[in-house]
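Below you'll find the structure, written out as structure tokens, and then a few comments.
Since we're looking at a predicted model, the values are computed, not measured.
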Amino acid sequence: MNQERIFKVLLGPHVSEKSTIAAEVGNQVVFKVATDATKLEIKKAVESLFEVEVAQVRTVCVKGKTKRTKFGMGKRNDWKKAYVRLNDGQDIDFEVAE
């Protein structure tokens, strides 16, 4: 997998209450990924960018919500998220720059 594809697979971390619980309990990190990304591409991208060992990748396709606008009914885009389980002793630290 080339370096350009690695940066296009992972779109960013997905922070929610459920992802925080998964990080604390199951040693998992949740990422928002490209809709055409495969599990193997996600695994290689996480391992190369963060220098950790990945044990398992699970993906979820999230359907966009239907919303009412003044022009009628609209729809948000569909997106995909990946639950990445790290091996024991591995950790990804997302630091906030101040």
Side-chain angles (χ1 to χ4, degrees):
M1 184 162 74
N2 59 4
Q3 196 70 16
E4 183 179 342
R5 179 65 179 161
I6 289 174
F7 289 113
K8 288 186 177 180
V9 169
L10 296 179
L11 301 178
H14 180 68
V15 180
S16 66
E17 188 173 349
K18 185 176 180 180
S19 66
T20 305
I21 293 170
E24 292 172 356
V25 175
N27 198 22
Q28 294 181 348
V29 183
V30 183
F31 290 101
K32 195 170 191 179
V33 296
T35 54
D36 61 341
T38 63
K39 291 182 180 185
L40 186 60
E41 286 178 334
I42 296 167
K43 179 178 179 177
K44 288 184 178 183
V46 171
E47 286 179 343
S48 64
L49 287 176
F50 299 104
E51 298 174 359
V52 294
E53 294 177 13
V54 174
Q56 182 184 19
V57 176
R58 294 182 300 149
T59 58
V60 178
C61 293
V62 181
K63 301 295 181 188
K65 293 182 178 179
T66 304
K67 292 289 186 178
R68 183 182 310 246
T69 65
K70 72 177 188 178
F71 302 109
M73 297 300 285
K75 184 178 177 298
R76 291 186 181 170
N77 293 334
D78 299 339
W79 57 284
K80 189 175 190 177
K81 64 181 172 180
Y83 289 87
V84 178
R85 182 182 302 274
L86 305 175
N87 284 343
D88 293 334
Q90 301 287 317
D91 187 30
I92 297 176
D93 188 23
F94 297 109
E95 294 184 16
V96 178
E98 293 184 23

> Could you walk me through whether Leu86 and Ile92 pass the side-chain contact (heavy atoms from CB on, under 4.5 Å) check?
Replying inline: CA-CA 9 Å; Leu86 305 175; Ile92 297 176; 4.0 Å; yes
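Considering CG of Asp91 and CG of Asn27, their distance stands at 7.0 Å, rounded to 0.5 Å. In this structure, CH2 in Trp79 is found 4.0 Å from NE2 in His14, a value given to the nearest 0.5 Å. For the atom pair OG (Ser16) and NZ (Lys81), the distance works out to 6.0 Å, reported to the nearest 0.5 Å. Interatomic distance, Glu51 CD to Gln90 CD, rounded to the nearest 0.5 Å: 10.5 Å. To the nearest 0.5 angstrom, Thr59 atom OG1 is 5.0 Å from Lys39 atom NZ. Interatomic distance, CD of Glu41 versus CG of Leu10, reported as 10.0 Å (0.5 Å rounding).
Phe31 is connected to Val52 through a chain of hydrophobic side-chain contacts under 4.5 Å among Ile, Leu, Val, Met, Phe, Trp and Tyr, so both are in one cluster.
Counting only distance, with no hydrogens or angles, the side chain of Glu24 and the backbone of Ile21 share no donor-acceptor pair below 3.5 Å. Glu47 places a side-chain N or O within donor-acceptor distance of the main-chain N or O of Val54, the cut-off being under 3.5 Å. Under a 3.5 Å cut-off, the side chain of Gln56 and the backbone N or O of Arg85 do not form any donor-acceptor pair.
Heavy atoms only, all atoms of each residue included: Ser48 and Ala45 are closest at OG-O, 3.2 Å.
Between Arg5 and Asp36, at least one side-chain N (NZ, or NE/NH1/NH2) sits under 4.0 Å from a carboxylate O, which counts as a salt bridge.
Within 6.0 Å of CG on Asn2 lie more than 12 heavy atoms contributed by other residues, nucleotides or ligands.
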